[in-house]
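Have a look at this one.
Lettering of chains follows the sequences in order, A, B, ..., and the numbering in each one begins at 1.
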Number of protein chains: 2
Amino acid sequence: MAKTHTAQPRNTKQKDAMRSAFHLANRPLSPEEVLEAVREEVFGISLATVYRNINAFMEDEWLTTVEIPGQPARYEVAGKEHHHHFQCTACGKLYELEGCTFHGKTKLPRGFLATSHEYFVYGVCADCRS
Amino acid sequence: MAKTHTAQPRNTKQKDAMRSAFHLANRPLSPEEVLEAVREEVFGISLATVYRNINAFMEDEWLTTVEIPGQPARYEVAGKEHHHHFQCTACGKLYELEGCTFHGKTKLPRGFLATSHEYFVYGVCADCRS
DNA sequence: ATCGTTGCAAACTCTTTGCAGGATT
DNA sequence: AATCCTGCAAAGAGTTTGCAACGAT
């Protein structure tokens with residue numbers, strides 16, 4: 001027997017603060033970065049809540065995951081067009097790159113079929129260079 | 001006061017089996033994959049030993065890390081020329097791609113400096129397609 | 001006989017989950 | 001008032017480490 005209606009999400013200051021944090025940052029954030037950003041506004045917010053809400057936002061498709069090699073995932077506001085990322089090796093921050101400048105057709109072993117790709121650029125960001 | 005001599009590494013069947021596993025696989029292996037491959041030869045080998053020896057091999061620069069977005073690292077025999085990797089989304093295996101076909105100069109935000117890049121292709125490998 | 005190496009179990013980090021109290025509608 | 005959400009603490013996954021026994025030299 002099915003439930004009559006689905007869960008009604010509620011607005012909380014924790015969620016609001018997290019939404020603001022993502023808008024303000026304008027770059028992919030790790031759970032820890034979210035926690036830091038949000039702590040100023042919502043004292044005592046727990047990391048568990050950050051994770052839970054990140055996952056909720058992903059179910060809502062308001063956030064998407066940005067997985068980086070060898071590091072905890074970052075999350076960014078969903079719906080942007082295909083793009084890749086830049087990571088500063090000095091401060092560790094992840095930045096969004098415009099568009100996808102990758103056009104070459106990669107040579108694959110015989111019988112392999114490509115369906116997607118990921119591309120990361122590493123270097124130093126403007127803040128860390130100045 | 002400095003030690004008179006450095007540690008003398010010893011050959012063990014565990015290390016030998018691990019070296020063979022990497023040579024035979026001819027693709028980057030995760031610690032779990034190494035464990036599986038080696039178990040047939042060395043019954044009772046522990047995951048801790050696999051990790052310890054992987055780290056030792058990396059200090060010897062015989063292995064290098066291959067970090068993949070959102071997954072445990074793989075390791076491959078060091079000293080190969082610049083190349084990238086393909087991951088099969090069906091079986092999860094990682095394969096080496098020949099050379100680097102990436103030539104485009106990526107447009108970075110003002111003031112950013114690029115020093116390196118990573119590139120991953122995802123798809124289905126020949127084994128999983130047949 | 002040394003002393004590097006191993007297996008086991010405990011410790012650690014990152015992330016998820018159970019639960020009881022607190023907050024939103 | 002109903003029930004969603006939160007904080008805390010415990011539980012899981014992946015990796016590292018302490019320790020006593022083992023084994024290569």
Side-chain angles (χ1 to χ4, degrees), chain A residues 2-21 28-60 62-75 87 92 94, chain B residues 2-21 28-60 62-75 87 92 94:
Chain A
K3 288 256 188 61
T4 316
H5 52 283
T6 23
Q8 289 309 313
R10 291 171 186 182
N11 270 337
T12 61
K13 54 189 176 198
Q14 289 88 343
K15 282 178 187 166
D16 283 345
M18 286 179 63
R19 277 186 277 252
S20 309
L29 298 177
S30 68
E32 284 291 348
E33 285 175 325
V34 173
L35 185 66
E36 271 180 52
V38 159
R39 246 179 192 153
E40 301 164 14
E41 202 174 324
V42 183
F43 179 79
I45 185 172
S46 77
L47 189 53
T49 295
V50 170
Y51 275 104
R52 262 189 293 237
N53 287 341
I54 284 175
N55 289 334
F57 290 150
M58 294 222 295
E59 295 222 333
D60 299 346
W62 183 74
L63 283 185
T64 47
T65 312
V66 183
E67 312 262 24
I68 340 182
Q71 299 194 17
R74 268 69 167 169
Y75 302 88
Q87 185 171 35
L94 202 69
Chain B
K3 286 258 188 61
T4 315
H5 53 282
T6 22
Q8 290 308 315
R10 292 171 186 182
N11 271 336
T12 61
K13 56 189 175 196
Q14 289 86 345
K15 281 179 187 165
D16 283 345
M18 285 179 63
R19 277 186 278 252
S20 309
L29 298 178
S30 67
E32 284 292 347
E33 285 175 324
V34 174
L35 186 66
E36 269 181 52
V38 159
R39 246 178 193 154
E40 301 165 14
E41 201 174 324
V42 184
F43 179 78
I45 184 172
S46 76
L47 188 52
T49 294
V50 170
Y51 275 103
R52 262 190 294 236
N53 286 341
I54 283 175
N55 289 334
F57 290 151
M58 294 223 295
E59 294 222 334
D60 299 345
W62 183 74
L63 283 184
T64 48
T65 312
V66 183
E67 312 263 23
I68 342 182
Q71 299 194 17
R74 267 70 164 169
Y75 302 88
Q87 185 170 35
L94 202 69

I want to check one thing: is the phosphate of D:dG23, taken as OP1 and OP2, less than 4.0 Å away from some side-chain N or O of B:T12?
no

Can you tell me how far C1' of C:dT24 sits from NZ of A:K13, to the nearest Å?
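Answer to the nearest Å: 12 Å.
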
Summarise protein proximity over nucleotides 8-13 of chain D in one line of letters, 5' to 3': B for base, S for sugar-phosphate only, - for none, counting protein heavy atoms closer than 4.0 Å.
B-----

By nearest heavy atom, map B:P31 and B:P9 onto DNA chain D; which one lands nearer the 5' end?
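The 5'-side residue here is B:P31.
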
In whole angstroms, how far is the P atom of D:dG14 from the CD atom of B:E36?
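Going from CD in B:E36 over to P in D:dG14 covers 13 Å.
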
Picking from D:dG14, C:dG4, D:dT6, which would you name as closest to the side chain of B:A7?
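Selected nucleotide (nearest to the side chain): C:dG4.
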
In chain order, what residues pass the side-chain hydrogen bond (donor to acceptor under 3.5 Å, both in side chains) check against B:E41, with sequence neighbours excluded?
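For B:E41 there are no side-chain hydrogen bond (donor to acceptor under 3.5 Å, both in side chains) partners, ignoring immediate neighbours.
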
A:R10 has its side chain closest, among C:dT16, C:dC14, D:dC5, to D:dC5

Any A:N53 side-chain N or O less than 4.0 Å from OP1/OP2 of D:dT6:
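Looking at the OP1 and OP2 atoms of D:dT6, one of them is under 4.0 Å from a side-chain N or O of A:N53.
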
With a 4.0 Å cut-off on heavy atoms, is A:Q14 in touch with a base, just the backbone sugar-phosphate, or nothing at all?
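Sugar-phosphate, backbone atoms only, no base.
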
Of A:K15, A:M18, A:K13, the residue whose pairing with A:V42 passes side chain to side chain contact (heavy atoms under 4.5 Å, CB included):
A:K13

Could you state the CZ-P distance from A:R39 to D:dT6, rounded to the nearest angstrom?
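So the two atoms are 15 Å apart, to the nearest Å.
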
So, do A:V38 and A:V50 sit near enough that their side-chain heavy atoms are less than 4.5 Å apart?
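A:V38 does not reach A:V50 side chain to side chain.
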
Of the listed D:dG23, C:dT5, C:dT25, the closest approach to the B:K15 side chain comes from C:dT5

Within the pair B:T49 and C:dT5, is there a side-chain N or O less than 4.0 Å away from OP1 or OP2?
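Answer no for this pair, as no side-chain N or O of B:T49 is under 4.0 Å from OP1 or OP2.
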
Gap between atoms CG and C1', on A:L47 and D:dG7 respectively (whole Å)
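To the nearest whole Å, that distance equals 11 Å.
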
